[in-house]
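Written out below as structure tokens is the structure these notes cover.
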Amino acid sequence: MFLYNLTLQRATGISFAIHGNFSGTKQQEIVVSRGKILELLRPDPNTGKVHTLLTVEVFGVIRSLMAFRLTGGTKDYIVVGSDSGRIVILEYQPSKNMFEKIHQETFGKSGCRRIVPGQFLAVDPKGRAVMISAIEKQKLVYILNRDAAARLTISSPLEAHKANTLVYHVVGVDVGFENPMFACLEMDYEEADNDPTGEAAANTQQTLTFYELDLGLNHVVRKYSEPLEEHGNFLITVPGGSDGPSGVLICSENYITYKNFGDQPDIRCPIPRRRNDLDDPERGMIFVCSATHKTKSMFFFLAQTEQGDIFKITLETDEDMVTEIRLKYFDTVPVAAAMCVLKTGFLFVASEFGNHYLYQIAHLGDDDEEPEFSSAMPLEEGDTFFFQPRPLKNLVLVDELDSLSPILFCQETGVMAVYPQYSHVRLCYSRLHCSAERIADLANEDTPQLYVACGRGPRSSLRVLRHGLEVSEMAVSELPGNPNAVWTVRRHIEDEFDAYIIVSFVNATLVLSIGETVEEVTDSGFLGTTPTLSCSLLGDDALVQVYPDGIRHIRADKRVNEWKTPGKKTIVKCAVNQRQVVIALTGGELVYFEMDPSGQLNEYTERKEMSADVVCMSLANVPPGEQRSRFLAVGLVDNTVRIISLDPSDCLQPLSMQALPAQPESLCIVEMGGTEKQDELGERGSIGFLYLNIGLQNGVLLRTVLDPVTGDLSDTRTRYLGSRPVKLFRVRMQGQEAVLAMSSRSWLSYSYQSRFHLTPLSYETLEFASGFASEQCPEGIVAISTNTLRILALEKLGAVFNQVAFPLQYTPRKFVIHPESNNLIIIETDHNAYTEATKAQRKQQMAEEMVEAAGEDERELAAEMAAAFLNENLPESIFGAPKAGNGQWASVIRVMNPIQGNTLDLVQLEQNEAAFSVAVCRFSNTGEDWYVLVGVAKDLILNPRSVAGGFVYTYKLVNNGEKLEFLHKTPVEEVPAAIAPFQGRVLIGVGKLLRVYDLGKKKLLRKCENKHIANYISGIQTIGHRVIVSDVQESFIWVRYKRNENQLIIFADDTYPRWVTTASLLDYDTVAGADKFGNICVVRLPPNTNDEVDEDPTGNKALWDRGLLNGASQKAEVIMNYHVGETVLSLQKTTLIPGGSESLVYTTLSGGIGILVPFTSHEDHDFFQHVEMHLRSEHPPLCGRDHLSFRSYYFPVKNVIDGDLCEQFNSMEPNKQKNVSEELDRTPPEVSKKLEDIRTRYAF
Amino acid sequence: MSFKREGDDWSQLNVLKKRRVGDLLASYIPEDEALMLRDGRFACAICPHRPVLDTLAMLTAHRAGLQLFYGKKQPGKERKQNPKHQNELRREETKAEAPLLTQTRLITQSALHRAPHYNSCCRRKYRPEAPGPSVSLSPMPPSEVKLQSGKISREPEPAAGPQAEESATVSAPAPMSPTRRRALDHYLTLRSSGWIPDGRGRWVKDENVEFDSDEEEPPDLPLD
């Protein structure tokens, strides 16, 4: 078995975010790291939308990211610290839209190691040096400079190592133009290590250490070190030189402290806490991230606490001595992994979990009622300030970036809707892959859906993902009668926005003008009493309307020239662009008009008679700087498309012809695939290829490359779109041309980040469309659907899935689907959380205390305050849930309708009961009733691990699967972490015990047990008599249930220690599994495996019992190993597209979705193996990690070809593409066609 | 670390060689004459006391001894029979006067028979446990069962389902009567829910298994 790995949706969680002027223009961009992906985002200051410019997978772990700028420069560079043992400096090239590796310096071994630098990066604020540090011991400093040609240079590394020292954080101190200085939070553990009594360990203090790079002597000295009172978690640089007092802010538990060299005394201020907070008061408060904003005149910091409250921190200075730290509550946003304040007044918040946000900073919070806290205010030690959290006041949300991270569980439900009663047997999904189209009939869609449980704590949600582009409906208006067609025209070529919408009916034309509102006009010059075939802007400021009886040319001064059809002929089809008009008269006669420099529309002297009736025509847009488009495409009734030259030298001569499998319906020539049309410096980027899109009557879309010189057609790609004839419309998307194809479903074909996308719109069927640009909607679509006119916008280009989210209360752990009603039964569990009941109880208690604490005369006021406190209800999804402390758990069991997203039933478990497993099943001794079993741990403490036991709650599903009726609860000794139905009973993994339970009257009855599983059962799969148990640490164990002896006997296992997170059965002998380190494997029992083993009656330890490699005598074979790079939490074998083949779908903790697909032919495998091999050498990963060793991180990669690397072929430079494809005996388009083919065969 | 052999201890090498040959010859051990144990050891199914042998070589040696013993006394065909089988056959003949009793006893005994196929060394002929879901695996209609298993199992299997097969290995492959099958099913249901026959025709509770508090007697064979 050979597999091919494809990413459907890249990870969406963000681990780092930096901002700077990466393209070298005034505009600021954001670079984010998503684990193994580097992405460049550009927030558009006008619309407030964040656009992704570039995404690159680096095949390595990005551990740190920094932006820096050389002194006096205008462009920011990116320094990346990764697991490659190398420091890499990247530059963004806007003209090519790629990151270019400028420097790559090797300093150590690869991998995330303790003493190999890469974990921390710090740059000198003046851009003269960069420090890269390991978690322990090693620090290296590189000097950055420019050479004579103003190119960035990097020195050899200078060492600043100190043995036995742990590092917590490193920043560059702003010292102006003095020697660069770095501040580190360190801890020296040497003494503690050598003192066996543990006394030294208890007294070890963290230190703040300054390292100075002496530029004159070219070495680094450890300048000064000072023990800290509190344990710090991170540092903030304070602007220095001419901008501020220099120094650092140390963020530690409960305090923020300012420190600097010289006479500066430490300034310390407590971190304010929320008033009447339900959190454990003993719990310290820390800042988790910060952002600095600096202008010429002032600076401030925004620091966020772990509850999400942002404080604005300012420093009061007196002659460069800091006298006071001031904190002011700013606003509360979800807890961030990184924040960036942009010069345009935006705050980008990369959330730790869930969606990311872009806020506009509307106020700086300078002149409001909010109290300001200061270090100068006298407070007792241990005392702190209090503030009242409130909804946003200073920030305004402008954009939200969807993020699935973390995905905890996912299930693809195609078949379920069709054969509900069988879906509980996993096997059925694959065996009965009845097409997903039938689901469509039920759910009114023609794609399967992915149900994804994601998020954490109160920001959790259940999201339904469907393949398709999200459509935002800007306006819908009803029209008198059913229109046939719609166009938009601008008034002048320089205009940014459209002026008119022209709607054609069977016997009339309606003209609407676009302004503040859209209203009908009659003075546009268009003929209203006839249907329209096409209209367009002609030349600079004229308009043209083609209607069955003629052409109407409307000049800017409203003069009208009419051209009438000769005799009884009428115009049947036409094609129009900015300067040319071609019409087809009845009988297949083509008439060509071209605009001359005076603005006159002239007919060409000859006409051309076609051999058959014309069905459709298309003209390309006039290329910039040219007079005309040279090609006309004509589709004829005889199933052909012909390309006709419009060049004056051979005007109306046929150039090429293509035969089609069916009659064409629509044609569209577009230019796609080029990079941005124009970058900020005014340079034109490379021009894309011309593509002829042909929509056929049988619902197929063909895309063919049109040679810009000869007009030859080549490299045809085919895709079936739907059951109706395909109509094509040219629209603009992100400054480029795109094609909207309409069949029974609408699709958008566009080029995005040098890859072609053909994505369906998640919207109802449309009939006709045209591009639309207005102030509110610069890149929209105006479309017709029955008797309505709709204005639509497609904002999330590049996204594969469109998602609908339903909020949940706690982190979803697992869900099962009730096969009869299709309802989901979700278990949600949070650690460090209160249940609703405990929360209410604590609130009540606090309110009572409040009243009691008040003096006699204040009682009334206190009672009022207490009432206000009880009524206060801040949404937990923003303000966070109260943290209850270690060992406190809260859980709910929810029954949800996945289509409407409404909760049908909700069972709250008691405080400290944590649900870990759920199953829906029937018991053979109870007939047709469905039962839900939930495995719950009681008083679980994670570290050091202890548990008071567990329960299995049994509920009966009643009311057609909508209600849970509590039956009984069965106590067990350990955590029941896995439940699976098995032969009319259930298998439950209780800690390391595998048991068979049957339904009893007062509890579940234990019928059989196996005690030989190694550590902890994390999952159970069953097939026939085989039970495949996944151990948390020791991979898979195959167990056989012997009914006549009532025994569970282990007969086989795996030899690798895999920390299995999830597993899926591929067939009777084969299991696919994923582990917590980000590997996916497939293991298979050899064909001669014997299931019929017996228990050994002697009790002697045999060879296998003693072995290190688990106990069974028979071992599974590894079929495939692959390192994904992100923890995989769900695996499922399924079909993703109607009529497609099966693939193994996985989702990752970081929000990525990928598939592994089998190769069907040896040639394909051979081809892709060579592509991968060439790309490894020709296009090595960006951050310096070797691709092969990355994919073999834990186990040597076996039998998997990395499609993500292969698809980088498309983003390689053309000459390299040519080299690689020559080695493969193919042309570059052939290679990219093969890459596209394998993707579309299985997915999107 | 290398797995290359070092040294020139020819005796050890010869031992290994001998074991290898022994392993290869082991494929001549018929399936029902040895049992494979969970921990990779083997039990001889011919000897009534089921001796457990650590390796295949020891099993071969043990069998060589048996061959000497049986080989001289009995004709080749008889030798293949498990002594237990012979007992049964004998009993069957003698107690022909109470047919019902004999029948039940036979059923119980054949069900009790722990002689699954030994097949780690012999290439298996078919896989009785192929993933045909058992009758009680899940409440699926039988048509569905077929649909599911049809693709996987490599050979058609008897309609009785795998457990029946398993427990009735010694019985002839002739189709079972419905009564017999029901009795067998009932036996297995009782056995798997923790009842143990005490050898005197009564059922006792397995002390490691939990029962409902009002469950004193095993359920009777359903009448229909």
Side-chain angles (χ1 to χ4, degrees), chain A residues 421-422 424-425 427-428 431-432 921-922 924 927-928 981-985 996 998 1000-1009 1012 1022-1026 1040-1046 1049-1051 1067-1068 1087-1098 1100-1105 1111-1114, chain B residues 31 35-41 43 50 52 54-55 111-114 116-121 123-124 127-141 144 147-153 162-163 166-167 187-189 191-196 206 208-215:
Chain A
Q421 61 271 43
Y422 310 138
H424 63 288
V425 181
L427 196 68
C428 292
R431 300 282 167 228
L432 310 166
C921 57
R922 281 171 168 171
S924 56
E928 298 291 287
F982 180 63
Q983 303 191 346
R985 303 194 285 181
V996 176
D998 203 350
K1001 288 177 183 141
K1002 299 217 173 98
K1003 61 171 193 169
L1004 294 173
L1005 305 171
R1006 188 183 72 229
K1007 291 295 178 188
C1008 176
E1009 180 176 71
H1012 300 291
T1022 63
I1023 185 165
H1025 280 260
R1026 284 183 178 175
R1040 157 108 187 173
Y1041 178 63
K1042 295 191 138 187
R1043 239 181 127 197
N1044 61 335
E1045 283 156 44
N1046 193 27
I1049 296 174
I1050 296 174
F1051 68 92
D1067 64 33
Y1068 189 57
N1088 61 347
T1089 307
N1090 182 10
D1091 287 28
E1092 300 287 343
V1093 296
D1094 279 83
E1095 200 61 64
D1096 186 355
T1098 59
N1100 295 340
K1101 289 238 165 185
L1103 179 70
W1104 295 105
D1105 282 344
S1113 58
Q1114 307 182 83
Chain B
E31 289 188 359
L35 302 174
M36 192 176 176
L37 301 184
R38 175 183 64 76
D39 48 13
R41 296 200 277 191
R50 291 273 151 83
V52 175
D54 276 0
T55 61
L112 259 177
H113 232 138
R114 22 183 302 153
H117 310 279
Y118 169 72
N119 51 8
S120 91
C121 31
R123 190 138 295 269
R124 167 179 338 187
R127 279 156 66 174
E129 78 289 355
S134 63
V135 188
S136 50
L137 165 68
S138 51
M140 286 189 297
E144 170 54 22
L147 206 133
Q148 209 187 39
S149 61
K151 283 188 189 168
I152 314 159
S153 60
Q163 309 95 325
E166 180 184 300
S167 51
Y187 172 82
L188 284 173
T189 315
R191 200 66 190 78
S192 60
S193 48
W195 293 97
I196 303 175
D206 183 344
N208 294 321
V209 172
E210 293 174 342
F211 294 89
D212 263 333
S213 51
D214 56 351
E215 202 176 350

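Owing to the predicted nature of the structure, the values given are computational and were not obtained by experimental measurement. Every chain is numbered from 1, with letters handed out A, B, ... down the list of sequences.
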So K1007(A) and F211(B), side chain to side chain contact (heavy atoms under 4.5 Å, CB included) or not? Walk me through it. CA-CA 8 Å; K1007(A) 291 295 178 188; F211(B) 294 89; 3.7 Å; yes
For Q983(A) and S192(B), what are the C-alpha separation, side-chain angles and deciding distance, and is it a side chain to side chain contact (heavy atoms under 4.5 Å, CB included)? CA-CA 11 Å; Q983(A) 303 191 346; S192(B) 60; over 6 Å; no
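Summarising the geometry, atom CH2 belonging to W195(B) is positioned 13.0 Å from atom CG belonging to N1046(A); distances are rounded to the nearest 0.5 Å. To the nearest 0.5 Å, the span separating CG on D998(A) from CD on E210(B) amounts to 11.0 Å.
Residue D212(B) touches chain A through both its backbone and its side chain, counting heavy-atom pairs closer than 4.5 Å. Looking at S213(B), only its side chain comes within 4.5 Å of chain A, counting heavy atoms on both sides.
Of all the heavy atoms in N1044(A) and L188(B), the pair that sits closest is CB-CD2, 3.4 Å. What you find for V209(B) and R1006(A) is that their closest heavy atoms are CG1-O, 3.4 Å.
Side chains of E1092(A) and L35(B) form no contact here, defined as non-hydrogen atoms less than 4.5 Å apart.
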